[in-house]
Amino acid sequence: MYNFSDLSKAVIAGQESKVKELTQAAINGGAEPLAIINEGLIAGMNVVGARFKSGEMFVPEVLVAARSMGAGVAMVKPLLLGQEVPSSGKVLIGTVKGDLHDIGKNLVALMLESGGFDVVNLGIDLAPDKFVAAVKEYQPQVIGLSALLTTTMLVMKDVIELLKEEGLRDRVKVIIGGAPISYDFSSEIGADGFAPDAATAVDLCRKLLA
Amino acid sequence: MLIVGELINTSRQLVKAAVEAQDAAYVKQLANNEVEAGANYVDINCGTKVHNEPETMQWLVETVQSVVSVPLCIDTPNPKAMDVGLALAKNGQPMINSITAEKERFQAILPMVLKHKAKVVALCMDDSGMPETADDRKGIVRRLVGDLTAKGVPEDDIYLDPLVKPVSTSNEAGLEVLETVSFIHDKFPGVHTICGLSNISFGLPNRQVLNRLFMVQTMTVGMDAYILDPLDKVIMGFVYASQALLGKDPFCGQYLVAHRNGLYE
């Protein structure tokens, strides 16, 4: 068994050059490519997620950690030779129509990707039919809706209603988030879940797909 | 310097509870406290009451105006609630928060600015999304000032909000705003600049430290209005001290009043 703890630690510390160096060492040492990703790189990022959630680590540290992890993954991917990285699930994410906010939504996307999910980031200002078309195209298990305005949060309900009309509601879990969103609101509009921050969103997706 | 007190906002749990219980006494006390602490305007935001925002706006405006004589800042992206709030606002010149360069929103809000001869917070964003750089913001500033004044809004009634983004996700977020405020101060000396302070510190610990320092930094390059919690003694103390240091407080009068009011304990 290859010991990945130093690699994980380098990811947690966001030391990109050290991550690259240790990833190369692991490759040279004959470690399984998938093990490097899962037990080294993603394992480190999981610690970052937990510390972020508990308030021990902060947004800029999450960003550099994710970047350093990405650098390692990019080195390992060509060695997979057609093997797929096992995905935790596919998540579509976007900000609803009339709303141009993207910082929080992009953080959630980044944390999900770092947690091993396939993420399709659809962008901002998306009408319900855009979400529905994307659900048909990408067949995700989860769809994440973001709204930062009290005038746009009601569009989330429109998305859910349109998914029902199209007969897609049972095939996809809907989770929502954004500054004005609450657990009560998510229940009221019939969403499957609400997360107050990016790390919780990852936990929520894992729970919904367990 | 113009201070807009931000506390009457239904996204705050105690205000939400007071609205639901129709607890006028709590709302009155809060509004009174804000004004006594130095707020020149009292902001009213009930955007979280998505199903009955206009009714809630009416109740809040009437309740607040029954005890304070300063004008109100009607804070909502919902034109209906805005209209209700403005129609009832009777304490001097109301303020609208906010208009943007987004086509629909500009057209929906502009008639209300004109009808009520209101001051207006103009947020630096347009249909292309949130601005990243100072140059993005400068383009929107030129358009907003040009379009608003062309329609008859006096420069003195325009409060440009440069749109503050978190420094946690972009290294230059603070600098872009400082450069934008300097630009506005230089090119459009007749208009005002305003912002809230909490966006800058999103995602970081010790947010109050960043918020307070960012207020001082923006004030140094010409910002002259803030939407903040006036019951935060430290930040109000910083407002007066910073004004004095920037030569905007003759004989340090306000600073000394603040001292006697115990803001520097």
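Here is the naming used below: chain letters follow the sequence lines, and residue numbers restart at 1 for every chain.
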Report task. Kindly check if the number of other-residue, nucleotide or ligand heavy atoms within 6.0 Å of CD (A:Glu188) is above 12? Result -> yes
Query raised in the report: Quick one: what part of B:Glu102 sits under 4.5 Å from any heavy atom of chain A, side chain, backbone, both or neither?
Result: side chain
Report summary line: Cut-off 4.5 Å, heavy atoms of chain A, and the answer for B:Thr169 is both
Query - Distance-only donor-acceptor check, side chains A:Asn3 and A:Ser5, under 3.5 Å - result: yes
**Report entry** Heavy-atom contact with chain A under 4.5 Å, split by part of B:Asn9
**Finding:** neither
**Report entry** Top contributor to chain B interface from A:Asn106, A:Leu63, A:Asp197, A:Ile103 [non-hydrogen pairs under 4.5 Å]
**Finding:** A:Ile103
**Report entry** ring-ring contact (aromatic ring centres under 6.0 Å, His included) partners of A:His101, counting only residues at least two apart
**Finding:** none
**Report entry** From CG (B:Asn211) to CZ (B:Phe238), nearest 0.5 Å
**Finding:** 11.5 Å
Query raised in the report: Does the pair B:Lys138/B:Asp135 count as a salt bridge with the N-to-O cut at 4.0 Å?
Result: yes
Query - Donor + acceptor pair across side chains of B:Thr133, B:Asp136 (<3.5 Å) - result: yes
Report task. Walk me through it: do B:Lys16 and B:Thr48 pass the test side chain to side chain contact (heavy atoms under 4.5 Å, CB included)? Result -> CA-CA 9 Å; B:Lys16 177 177 174 237; B:Thr48 58; 5.5 Å; no
Query raised in the report: What is the ring orientation for B:Phe188 with B:Phe183, classed by angle as parallel under 30°, tilted 30 to 60°, or perpendicular over 60°?
Result: perpendicular
Query raised in the report: Among B:Ser128, B:Pro77, B:Gly129, B:Ser170, which has the most heavy-atom pairs under 4.5 Å with chain A?
Result: B:Pro77
Report task. Would you mind checking which part of A:Met57 comes under 4.5 Å of any heavy atom in chain B, side chain (CB onward), backbone (N, CA, C, O), both or neither? Result -> neither
Query raised in the report: Got a donor-acceptor contact below 3.5 angstrom from the A:Arg67 side chain to the A:Gly14 backbone?
Result: no
Report summary line: Applying a strict 4.5 Å limit to non-hydrogen atoms, the region of A:Glu56 in contact with chain B is neither
Query raised in the report: If contact means a heavy atom pair closer than 4.5 Å, which residues of residues 135-151 of chain A contact chain B?
Result: A:Thr150, A:Thr151
